[in-house]
Amino acid sequence: MSVLLEPYPSGTVGYLAFPEQKQFLISELRERFFLTEKDILKSHVAENLFLFTPDMLPSELTGPKPEKVPYWSSTVLLNPQKANFNSIGEAAGLLKEIQRNWAPYTFTQFRRTALIQEKLPYINVKPRQFPFKVHDTPVGLYCLLDTNNMILSGDCTSFYPQGLIQFVEDHENPPSRAYLKLQEALIHAQNFFHIFPQPEQRIFDAGACPGGWTWVLLQLGCSVFAVDRSPLADSLMSSPKVEFLKHDAFTLLPQDIGPFDWVCSDVICYPQRLLHWIHLWLDSGMCNNMVCTIKMQGKIDWPLIAEFAAIKHSKVLHLHYNKHELTWIYHKETEPTQNVIDTL
């Protein structure tokens, strides 16, 4: 095998931006981590892929297990290398020598990449039916730069191909595409906290109209207390498992409507108001799990986002189905439950 493998300097990391959200990643690197425009431009090696040597980054982003990861990076390449190869077989052989599971990031050489992937052990890189369980086995990432050169990393921060959760979409039944955000958040909740909504659990859907999140929860057999100033879609309003209240969800006190197994919010509001509401529920002790969308109102207040991230037993992340948003997931320390479908 005449493959030339060149490691980057020790501590180099690669950031793959979410599709069509490269500018959000650039903005985060600049405003949250104070990287210079010069370093960001220098690091750009492919359409959505950036490689930074340790001298370009603050210490919290470096090392084999970085303290922090940019939210708008779908996955981080922790040990990137560059390889020169002469044939499709050589490229596939090199990848298989390193580990079993690989997924491509493709911005060029689409046919050549597909032929390499065909020679690798099978992993599912296609959109999946909800729900599914992700195994905690490494998925490396490789990216062809041209016919004979690629960047690869067997160590990545995500167990999802390219760091993306993608679903087969239902274009007929959900009342809005917002349902995809909750589905994705619940897969992450299962992965991080080993929790998942159970049949007959009681769930508060704040700001529920038109009902995308309520629709997901009903498919899982849950009972939903849906609150909004406007009614849900007719098909949801008629469900015996939906109790609807026309009200401002954020003015309801936990002691007046709780307890709940889950409290969910996709409400359009200032992040500061959402944070206050979250603490109201946490202080009440009347919910075990929470999923909330942090919707940005203009420029991101990074110190405020850090307050969300500092809440114990919680995680802030950017979802594939988020736009200019982040998602906050919380789990009160209780016995974990699992009943998702295992389809890796």
Using a distance-only test with no angle check, is there a side-chain donor-acceptor pair under 3.5 angstrom linking W72 and Q21? yes
Calculate, to the nearest 0.5 Å, the distance between atoms SG and CG belonging to C222 and D205 respectively. 11.0 Å
Between the side chain of R202 and the main-chain N/O of P259, is any donor-acceptor distance below 3.5 Å? yes
Can you name the nearest heavy-atom pair linking C269 to L274, along with the distance? SG-CB, 3.9 Å
Under a 4.5 Å cut-off applied to non-hydrogen side-chain atoms, are N322 and K181 in contact? yes
Measure the spacing between CG of L144 and CG of N149 and express it to the nearest 0.5 Å. 8.5 Å
Regarding S314 and W328, do their side chains bring together a donor and an acceptor under 3.5 Å, going by distance alone? yes
Checking R100 against Y122: charged group under 6.0 Å from the ring centre and within 45 degrees of the axis? no
Transitively linked via ILVMFWY side-chain contacts under 4.5 Å: I123 with L164? no
Let me know which of F50, Y15, F107 forms a ring-ring contact (aromatic ring centres under 6.0 Å, His included) with H44. F50
Please determine if R128 forms a cation-pi arrangement with F132, meaning its NZ or CZ atom is less than 6.0 Å from the six-membered ring centre and no more than 45° off the ring axis. yes
Side-chain heavy atoms of M150 within contact of L145, under 4.5 Å: no
